[in-house]
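In what follows, a structure is listed as structure tokens, so that the remarks can point back to it.
Keep in mind that the numbers below use all heavy atoms, side chains included, and drop hydrogens, waters and symmetry copies.
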Amino acid sequence: MNDNANETTRQAALNYHEFPKPGKLEIRATKPLANGRDLARAYSPGVAEACLEIRDDPANASRFTSRGNLVGVVTNGTAVLGLGNIGALASKPVMEGKAVLFKKFANIDCFDIELDESDPERLAEIVCALGPTFGAINLEDIKAPDCFIVEKICRERMNIPVFHDDQHGTAIVVGAAATNALHVAGKKFEDIKVASTGGGAAGIACLNMLLKLGVRRENIWLCDINGLVYEGRTEDMNPQKAEFAQKSELRTLDDIIEGADLFLGLSGPNVLTPEMVAKMADRPIVFALANPAPEIMPDVAREVAPDAIIATGRSDFPNQVNNVLCFPFIFRGALDVGATEINDAMQVACVQGISDLARATTSAEAAAAYQGEAMSFGADYLIPKPFDPRLSGIVSTAVARAAMETGVATRPIPDLEAYKARLDASVFKSSLLMRPVFEAAKKDARRIVFSEGEDERVLRAAQAILEETTERPILIGRPSVIDSRCERLGLDIRPGRDFDLVNPEDDPRYRDYWGTYHQIMQRRGITPDLAKAVMRTNSTAIGAVMVHRGEADSLICGTFGEYRWHLNYVTQVLGNDKYRPQGALSLMILEDGPLFIADTHVRTYPSPEYLAEVAIGAARHVRRFGIEPKIAFCSQSQFGNQGEDSGKRQRAALRLLDSEPRDFCYEGEMNVDAALDAELRARLLPDNRMEGSANVLIFSNADAASAVRNILKMKGGGLEVGPILMGMGNRAHIVSPGVTARGLLNMAAIAGTPVAHYG
């Protein structure tokens, strides 16, 4: 069974690399090349202009070419992780994978360069000659001590960052994990004793990082395959090891492990025995980082030291020391400021950024990527997960700041807060568009009530609301359930202290609530007994009553259940002559910009009057995002060429809009392609009143609008913000069951803006 499972896993990995096309990378053009004009600009003669600008000022290479965002991942394949000296060609899948990680986590472009050269000085010569191509060099999988020679030569001769990830990337993540492990253990760097195994590039770099963080050199004891590195030893020595030689008669790991606070292993399996762990100090820290088999298995270490704090290099145990936490983001920060090197201050800034993030509340996105794993800071969660989207903004900004402060930045960033916001926007696709909404929401501390307060997404959104806005959330749910879930999820917030709570099972306002609901609904068949039952069981109705009574400013509901079920109670309680649902507007954030879709939920077949109201409401809400609305009525009919119902209703809606002056652009009825393609639209109706592409599409029925919305989301990679319930004065919004915690945060910002701010 195990053999079959291993073979299945092996074949799946091979298929991943081979299909649908070989390899993991391809090159794509970033500029159009559709006609002779484009060709003349991309190549001769137009390309000469860019060449001359760079000749006159080499810094212009970052303006007119991709060099400023291009990293070379360079290896000779002599020390590939877990495989050894497999040669340059066989290492190519690893280097392609490294390039993929650069792109995925930091949007950095890479070329993988595999060089068939074993002489370190000649290898360094080749790398230096590649300088004009790249903005930075990532050395990878080069055996020690050759890697030290290559890095030293390249750093001295190249005026761009050169970073050996096996050394410094590992050291940075180890430094971050050690920082937090000591925090948990209540110890300090300057007081601890370190016992280390592994005198290779990664091991030496980790020890140097511990020195930078405050460990005393005399407290570091280094062993390799030949035992302790001591003064006078000649066997298998190099200058890097000699820096850690101890003046001692001790000779083995077993000799020197007594009283050690931290074991740092970058060697091989089963090097550390349970008996050795038992000799370590109280609350020992064991970093057994050999892969795939660590120096000691975590369960074995805990048999003799139940309170041990343990990290490995494996993903199937807590605290995986993974370089992907570091290298994409240190390069991102270095490239963006045009750093000439990656210095000690930048590396320490990276350590601090990673360790600080682990102590913060876990992001909802990371929790979703690692479902079932406990991610609350402590002994089993020392460093963040690679898929935590906050890494880019926090770590890259810290690195950029350190580069500027130490004078190695050739393109200093004037506004680091704005820079971090841009990085966050590259990860959180909604961030940039939502910025004006968040800014408006900060002007007023509104009270947002969430009807499904026990939902994990709501709890994570509540945490984010308190961190990013001035709003105070109100949650409907059972206190014991909410409290225990906050604890389990590692959230700092607690009922009563950080947010208000309504307990449907036992709330002192219960009589007031059912009385209010009965007063509203008594002429619509709701008896006192039924009103009491609704106020015990229906959290959407409870939230709506709170808004009606002025105890909350806006309601957010819909994380489960059907949209119109929630809409029914929202309309019952909050609808009146002034407020009634006009339609649902969904913002779809696409690769080439935002696109709004309406009406996706409220009216299956809206009348011309409702279609006109949808357009008016959409224009008002679109402007909340700092966007000038250009509204297209979309139908199977195109500018009157068909007489079906859809086209008729839209033409009637247009006549209603035309009856009064409007302060927004609208046109129709037309097909979707005509709405999005100005040239096509001009051929069909040369004197149409819209310029450019429409950014709001209004459909004649909810089926069409909802289908377009879902296709864009599922197949077009669109991120939805909304749906925004129009016509209710921003007093209620109903989300979709698939909403994320980030989506709820966005809706809270929308709900947190008073009507006066947008219409």
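Residues Leu567 and Gln572 form no side-chain contact, since every pair of their non-hydrogen atoms from C-beta on lies 4.5 Å or further apart. Within the 4.5 Å cutoff, the side chain of Pro723 has no heavy atoms near those of the Met747 side chain. You'll find the side chain of Val696 stays beyond 4.5 Å of the side chain of Lys630, heavy atoms only. Counting heavy atoms from C-beta on, the side chains of Glu609 and Glu613 never come closer than 4.5 Å. By the 4.5 Å heavy-atom criterion applied to side chains, Ile627 and Pro594 are counted as neighbours. For the pair Val502/Asp500, no side-chain contact is recorded, criterion being any heavy-atom separation below 4.5 Å from C-beta on. A heavy-atom distance below 4.5 Å is not found between the side chains of Ile476 and Phe450.
The distance from atom CE of Met670 to atom CG of Leu697, rounded to the nearest 0.5 Å, is 9.0 Å. Between atom CD1 of residue Ile750 and atom NE2 of residue His733 there is a gap of 6.5 Å, rounded to the nearest 0.5 Å. The OG atom of Ser451 sits 12.5 Å away from atom CD1 of Ile474, with the distance rounded to the nearest 0.5 Å. Rounding to the nearest 0.5 Å gives a distance of 8.5 Å between CG of Asn503 and CZ of Arg536. The structure places CG of Leu423 at 10.0 Å from CZ of Phe329, a figure rounded to the nearest 0.5 Å. Taking OG of Ser554 as the start and CG of Leu574 as the end, the distance is 9.0 Å to the nearest 0.5 Å.
Counting only N and O atoms by type, the side chains of Arg478 and Ser484 include no donor and acceptor under 3.5 Å apart. When only modelled atom types and interatomic distance are considered, Glu551 and Tyr513 share a side-chain donor-acceptor pair under 3.5 Å. Side chain to side chain, Tyr605 and Asp703 fail the donor-acceptor criterion of an N or O pair below 3.5 Å. Using modelled atom types and a 3.5 Å distance limit, the side chains of Thr604 and Arg564 yield a donor-acceptor pair. Looking only at atom types and distance, the side chain of Ser635 has a donor-acceptor partner in the side chain of Ser646 under 3.5 Å away. Side chains of Arg649 and Asn701: a donor-acceptor N/O pair is absent below 3.5 angstrom, by distance only.
Judged by a 6.0 Å distance limit and a 45° cone about the ring axis, Arg472 is not positioned over the six-membered ring of Phe499.
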Item checked: Pair Arg709-Ser736, side chain to side chain donor-acceptor pair (under 3.5 Å): steps then yes or no -> CA-CA 12 Å; Arg709 159 185 165 266; Ser736 301; 2.9 Å; yes
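Within a 6.0 Å sphere centred on NZ of Lys648, other residues, nucleotides and ligands contribute 12 heavy atoms or fewer. Within 6.0 Å of CG on Asp687 lie more than 12 heavy atoms contributed by other residues, nucleotides or ligands. Under a cut-off of 6.0 angstrom, the local environment of CD in Glu562 is crowded, with over 12 non-hydrogen atoms contributed by other residues, nucleotides or ligands. For CZ of Arg523, the number of neighbouring non-hydrogen atoms (other residues, nucleotides, ligands) closer than 6.0 Å is 12 at most. Within a 6.0 Å sphere centred on CD of Glu467, other residues, nucleotides and ligands contribute more than 12 heavy atoms.
For the side chain to side chain donor-acceptor pair (under 3.5 Å) criterion with Arg681, the lone passing option out of Asp673, Asn688, Asn671 is Asn688. Of the listed residues (Gln642, Gln650, Glu669), just one forms a side chain to side chain donor-acceptor pair (under 3.5 Å) with Ser637, and that residue is Glu669.
In this structure, Phe633 has its ring center at least 6.0 angstrom away from the ring center of Phe699.
Salt-bridge check for Arg494 with Glu487: passed, with a basic side-chain N closer than 4.0 Å to an acidic carboxylate O.
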